[in-house]
Amino acid sequence: MIRKLKNIVKKIQLEMNFFYDYLLFKKYYTAENKNKNNKDALRSWILQDKHRIEKAFSLPEPRPGFGQMVLNRLSDNLLAYNTINNKDYIYYIGVGAIKSYEKFHLENKFSIPQFYPQIKEKFSDDFSNRICDMVGYRKIQKIENSSEIFTFESFSDARKSCRNFDYDKSKEINEELIFSVIDNAKNTPSVCNRQHWHVHVFSGEKKNSVLSFQNGNTGFTDNIPFVALITSDLSAFYTVDERNQPFTDGGMFAMNFMYSLQAKGLSSCALNWCTSFYHDNKFHKLGYIPANHRIVVAIAFGIESDNYITANSPRLETSSLYTIHK
């Protein structure tokens with residue numbers, strides 16, 4: 001009887017945790033038309049759309065005149081942000097995306113799209129701020145690893161998302177190399193050292209099938225040689241309070257995996273798995289991964305093209321990223 005009561009209590013706890021997470025996310029997440037007067041919500045939209053502009057620069061074949069909807073939304077959000085907050089770092093890197101858009105078209109001898117001048121007119125007075133020039137793109141000069149010059153700072157700073165791989169060179173990547181990458185990444189900490197993660201590596205038609213379920217590879221799908229799905233085994237968890245641990249541990253492993261790729265001279269690009277329950281279930285039904293494996297993130301990887309272009313992706317000011325509680 002006592003055991004039955006305990007099982008009932010556990011089921012109730014599971015459901016209460018589910019509704020707690022649901023209500024918290026529902027209350028604070030920011031849909032496009034929600035929280036428009038909230039500084040933090042606007043900040044997130046500005047950073048997201050700034051990245052969408054920068055990301056497009058780094059594709060194998062960037063399309064001229066792209067991004068009208070994104071630029072219009074970025075413009076509106078910057079104006080709204082400026083009404084409730086002084087022009088700050090976030091504001092200027094948002095404006096920097098608008099400035100770099102024109103630079104990209106001019107440097108590539110593309111015609112400036114008709115919608116752009118109206119947007120530029122609203123912000124051109126701010127183009128001279130030095131922060132704006134932190135946004136944009138640049139050619140990557142690969143740094144050869146050397147124990148004499150290696151620091152974690154230089155190593156982490158050198159890792160950039162690659163969206164332009166050399167497909168032919170990437171054929172040199174074999175199972176032995178992939179094994180060594182995972183072997184280095186497995187030192188990641190995990191709850192009670194359960195090491196519940198798994199790496200599913202796809203190439204060829206199965207790789208294309210995986211990418212068809214992922215919503216962030218437009219413009220370089222055919223350029224990706226390999227994609228890895230980092231998963232967590234849900235059967236490794238014992239209590240309802242561990243519901244977020246698959247993503248916590250899986251996320252740490254994913255970062256180690258990308259650093260390990262970099263240490264082996266390979267490039268990567270993290271791809272979200274932000275998909276609906278319907279598509280996630282549909283993908284599982286393909287049988288590529290076990291039903292009890294929860295997908296944490298997808299990672300495209302391979303050997304980059306010579307002098308590939310990468311987004312600058314300026315980081316937030318360090319002072320905005322921490323709070324010391326005394």
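Sequence positions, counted from 1, serve as the residue numbers for this chain.
- Across all non-hydrogen atoms, the minimal contact from N272 to N215 is OD1-OD1, 3.0 Å.
- At distances below 3.5 Å, not a single donor-acceptor pair connects side-chain atoms of K206 with backbone N or O atoms of Y288.
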ask   = Going through the distances and angles, do Y101 and H105 end up as a ring-ring contact (aromatic ring centres under 6.0 Å, His included)?
value = CA-CA 7 Å; Y101 186 87; H105 281 76; 4.5 Å; yes
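- Ring geometry for F253 against W197 counts as parallel: the plane angle stays under 30°, on a 0 to 90° scale with 60° as the upper cut.
- In this view, Y22 satisfies the ring pair (Phe, Tyr, Trp, His ring centres under 6.0 Å) rule with no residue, not counting sequence neighbours.
- Between the side chain of H284 and the backbone N or O of H293, at least one donor-acceptor pair lies under 3.5 Å.
- Dense packing is recorded around CZ of R159, with more than 12 heavy atoms of other residues, nucleotides or ligands lying under 6.0 Å away.
- With no hydrogens or angles considered, a side-chain donor-acceptor pair links H196 and S232 at under 3.5 Å.
- Side chain of N86 to backbone of D88: no donor-acceptor contact under 3.5 angstrom is found.
- Within the 4.5 Å cutoff, the side chain of I299 has no heavy atoms near those of the V227 side chain.
- Looking only at side-chain heavy atoms (C-beta outward), P113 and Q68 stay at 4.5 Å or farther from each other.
- No side-chain heavy atom of F19 sits less than 4.5 Å from a side-chain heavy atom of M16.
- Scanning both residues, Q118 and K122, for their nearest heavy atoms gives O-CG, 3.6 Å.
- In summary, of the residues considered (I224, N217, L229), a side-chain contact (heavy atoms from CB on, under 4.5 Å) with V210 occurs for L229 alone.
- Using modelled atom types, one finds a donor on one side chain and an acceptor on the other under 3.5 Å when comparing S235 with D233.
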Practice task
Show your reasoning for whether ring-ring contact (aromatic ring centres under 6.0 Å, His included) applies to F104 and F110.
Solution key: CA-CA 8 Å; F104 165 79; F110 295 145; 5.7 Å; yes
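- Within a 6.0 Å radius of NZ in K87, other residues, nucleotides and ligands contribute more than 12 heavy atoms.
- Here the straight-line distance linking atom CZ of R243 with atom CG of L234 works out to 14.0 Å at 0.5 Å rounding.
- Taking 4.5 Å as the limit, some side-chain heavy atom of S267 sits within range of a side-chain heavy atom of F165.
- Within the 4.5 Å cutoff, the side chain of R73 has heavy atoms near those of the V70 side chain.
- The shortest distance between side-chain heavy atoms of I98 and I53 does not fall below 4.5 Å.
- Salt-bridge check for E242 with R194: passed, with a basic side-chain N closer than 4.0 Å to an acidic carboxylate O.
- For the residue pair N244 and T248, no side-chain donor N or O sits within less than 3.5 Å of a side-chain acceptor on the partner.
- The 12-atom threshold is exceeded at OH of Y167, counting heavy atoms of other residues, nucleotides or ligands nearer than 6.0 Å.
- In terms of modelled atom types and a separation under 3.5 Å, the side chain of N82 and the main chain of Y91 share no donor-acceptor contact.
- A donor-acceptor pair under 3.5 Å is absent between the side-chain atoms of R130 and the main chain of S128, judged by distance alone.
- Under the 4.0 Å criterion applied to side-chain N and carboxylate O atoms, K99 and D126 are not assigned as salt-bridge partners.
- For D49 and R52, the salt-bridge test passes: some basic side-chain N is under 4.0 Å from an acidic carboxylate O.
- Taking the ring centre of Y137 as origin, the terminal cationic atom of K103 falls inside the region bounded by 6.0 Å and 45° from the ring axis.
- Here the closest non-hydrogen pair linking P290 and H200 is CD-CE1, 3.9 Å.
- Take K186 and apply the side chain to side chain contact (heavy atoms under 4.5 Å, CB included) test, not counting sequence neighbours, and it matches D183.
- At a threshold of 4.5 Å between non-hydrogen side-chain atoms, the residues L211 and L271 count as touching.
- Residues E304 and C162 approach most closely at CB-SG, 3.6 Å, considering heavy atoms.
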D306 vs K169, salt bridge (Lys or Arg N to Asp or Glu O under 4.0 Å): CA-CA, chis, key distance, verdict | CA-CA 11 Å; D306 294 337; K169 284 185 180 178; 3.3 Å; yes
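- Hydrophobic clustering (ILVMFWY, side-chain heavy atoms < 4.5 Å, transitive): I178 and L261 are in one cluster.
- For the residue pair N312/R138, the side-chain donor-acceptor check at 3.5 Å is satisfied.
- Looking at S268 and F257, their side chains never come closer than 4.5 Å, going by heavy atoms from C-beta outward.
- Between the S170 side chain and the I303 main chain, a donor and an acceptor come within less than 3.5 Å of each other.
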